Amino acid sequence: MSEQAVTAQSEDFSRWYNEIVYRADLAAPSPVRGCVIIKPYGYEIWEGIKAGLDRRFKATGHQNAYFPLFIPESYIKREAQHVEGFSPELAVVTHAGGKELEEPLVVRPTSETVIGEAFSDWIQSYRDLPLLINQWANVVRWELRTRPFLRTAEFLWQEGHTAHATHDEAEAETLQMLDIYAEFAIDDAAIPVIKGEKSRLERFAGALRTYTIEAMMRDKRALQSGTSHNLGQNFAKAFDIRYLTESNLQEYCWTTSWGLSTRMVGAVVMTHGDDKGLRLPPKLAPHQVVIVPITRRDDQLTAVMDTVERLDRELQAAGIRVHVDRREGQSPGFKFNDWEMRGVPVRMEIGPKDVENNNAVLARRDLPGRQGKQFVPQAGIVDVVTALLDEIQANLLDDAREFRDRNIHDVANYDELKQVVAEGAWARAWWGGSDEDELTVKDETGATIRCFPFDQPDQSGKCVLTEKAAERIALFAKAY
RNA sequence: CGGGGCGUGGCGCAGCCCGGUAGCGCGCACGGUUUGGGUCCGUGAGGUCCCCGGUUCGAAUCCGGGCGCCCCGACCA
């Protein structure tokens, strides 16, 4: 590490983010513009996200499959709004095998079209429904301004695609998957997301309705962290996805799609991180506990290492992800700082004194300095560590929720909205405006409607901009 | 696509104005020293100075052209 500390969040949040992503070894620059290499430490966080989601998908009856990276250009063009939404950011292969292709191939920006085409073959009758498919894949969207994890030209995600017999079943699926995203975000990533519906302007190209989980980052900007779309019959009509009903009638299916990407890694970084670096929620942390052995002289080495190995085995046997820092060149002090920067929830120090007293020193990452440090007996270490990890997981969520709630303000009129947004916070307001009105707010304040939260007041009110009657409140914020 | 900046060991930079043996910090390797909050010392490895052309006895440095990257403004998981 050349410089010692990272840039403070308060000083320059985006610089802090960039530094921490590279210095904590989550990612490395790639030779291709707009792309990143995801390094093992970052990829392990993604693997944790995958595991948490995949388990929930399977539990709700979904199966994984894999569809091709390349999509015939004509497919993309079949659904009008879809083309319009995506064409500016498509990467297209025009040459292969040394000659020009008869039909260019689009590198998938998402797979509604290929999957829709496949579904039209697979589905014959109502007995084939619902069809519940998910794929883990990479997609490419040629973005101009990129940031590691938050927006890159290529990213990893999962995309679920389902087909149903009725609108209501599709709607139920769309909402169920949003619930799964929210549950995962809150329980595993410790990110207190807000569920809601997107405005017409922010809706997925070709969807009837788009739902979202919105999270507040430490700089108070909003991050759309997962989306779920009810596609109605738009794609079914474009790709001829039909089924025969019990009474032998041809009907179009109702389809859905839903996705969550490696952006979630960025969300974890920006929700919990502090001036010292990452703070990883135990459920997603590649290492939940790091043991730093402290040996003053060579003759103490064996005794210390024996204890370290024994505790390592005990914790591992209990299913805790432990890492022993055996590096020889670095001092303990260096290692403490290093692991703090990398966000490991619990550090265990074992030195000669601890061997002698049958103690261990535990330091928790979510509380600063001395406050987070405690001496505990080695006997019963598994229970203590397990409880501590649970406590840290809960504490990170509480912290983030408290921060979020403190920075959302109800506003009664447009001036207040402007002021709240100018201060960087989120504004909650009645909204009954048109698309144009929404754009006006965006132009004048930089904020967009993040969502209409599911959680709505009982009464109705007056639109914050037009002062006409409004049925729903919306959340306004600057977003990534 | 408009405005600004930068291309020099792995990373961050100095050198360029005023042409003359390519330098510093970090990292890396080795040896020693240290180790309970970012040890210290020594030795060493490592560079087509973005590319092409020009000027010159001589170009990282001057001139012309090209390429690439980063930052700031309109779209997006």
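Proteins get letters first, then strands, A, B, ... in listed order; numbering begins at 1 in each. Since the structure is predicted, the reported quantities are computational estimates derived from the model, not experimental observations.
For the pair A/Gln330 CD and B/U39 C1', the computed distance is 11 Å after rounding to whole Å. Atom CD in A/Glu84 sits roughly 14 Å away from atom P in B/C75 (whole-Å rounding). Spacing between atom CZ of A/Arg23 and atom P of B/G10 amounts to 20 Å, rounded to whole angstrom units. Computed from coordinates, the A/Ile294 CD1 to B/U34 P distance equals 17 Å when rounded to whole Å. What separates CZ of A/Arg147 from P of B/C72 is a distance of 8 Å, to the nearest Å.
Seen from the ring of A/Tyr41, A/Arg342 counts as a face-on cation partner, given the 6.0 Å and 45° thresholds.
The A/Lys276 side chain lies nearest to B/G37 when the options are B/U39, B/G36, B/G37. In the set B/G37, B/U39, B/C76, the nucleotide with an atom closest to the side chain of A/Arg151 is B/C76. Nearest nucleotide to the side chain of A/Glu143, out of B/A77, B/G36, B/G37: B/A77.
Distance check on atom C1': B/C63 versus B/C24 gives 30 Å, rounded to whole Å. Taking the P atoms as reference points, B/A14 lies 9 Å from B/C6, given to the whole Å.
OP1 or OP2 of B/C75 lies within a sub-4.0 Å distance of a side-chain N or O belonging to A/Lys442.
Within the nucleic acid shown, A/Thr152 comes within 4.0 Å of at least one base atom, counting heavy atoms only.
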Under the salt bridge (Lys or Arg N to Asp or Glu O under 4.0 Å) rule, what do A/Arg326 and A/Glu309 come out as? Steps first, then yes or no, please. CA-CA 11 Å; A/Arg326 294 186 168 81; A/Glu309 306 287 355; 2.9 Å; yes
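Between A/His323 and A/His287, the ring-plane angle classifies as parallel under the 30° and 60° cut-offs.
Between A/Pro88 and A/Thr146, the residue anchored closer to the 5' end of RNA chain B is A/Thr146, taking for each the nucleotide with the nearest heavy atom.
Once the 5.5 Å centre distance and the 30° plane angle are applied, the aromatic ring of A/Phe155 is found stacked with the base of B/A77.
Proximity of residues 190-216 of chain A to RNA chain B (heavy atom under 4.0 angstrom from any strand atom) is not detected for any residue.
Using a 4.5 Å cut-off on side-chain heavy atoms (C-beta onward), A/Gln158 and A/Trp258 make contact.
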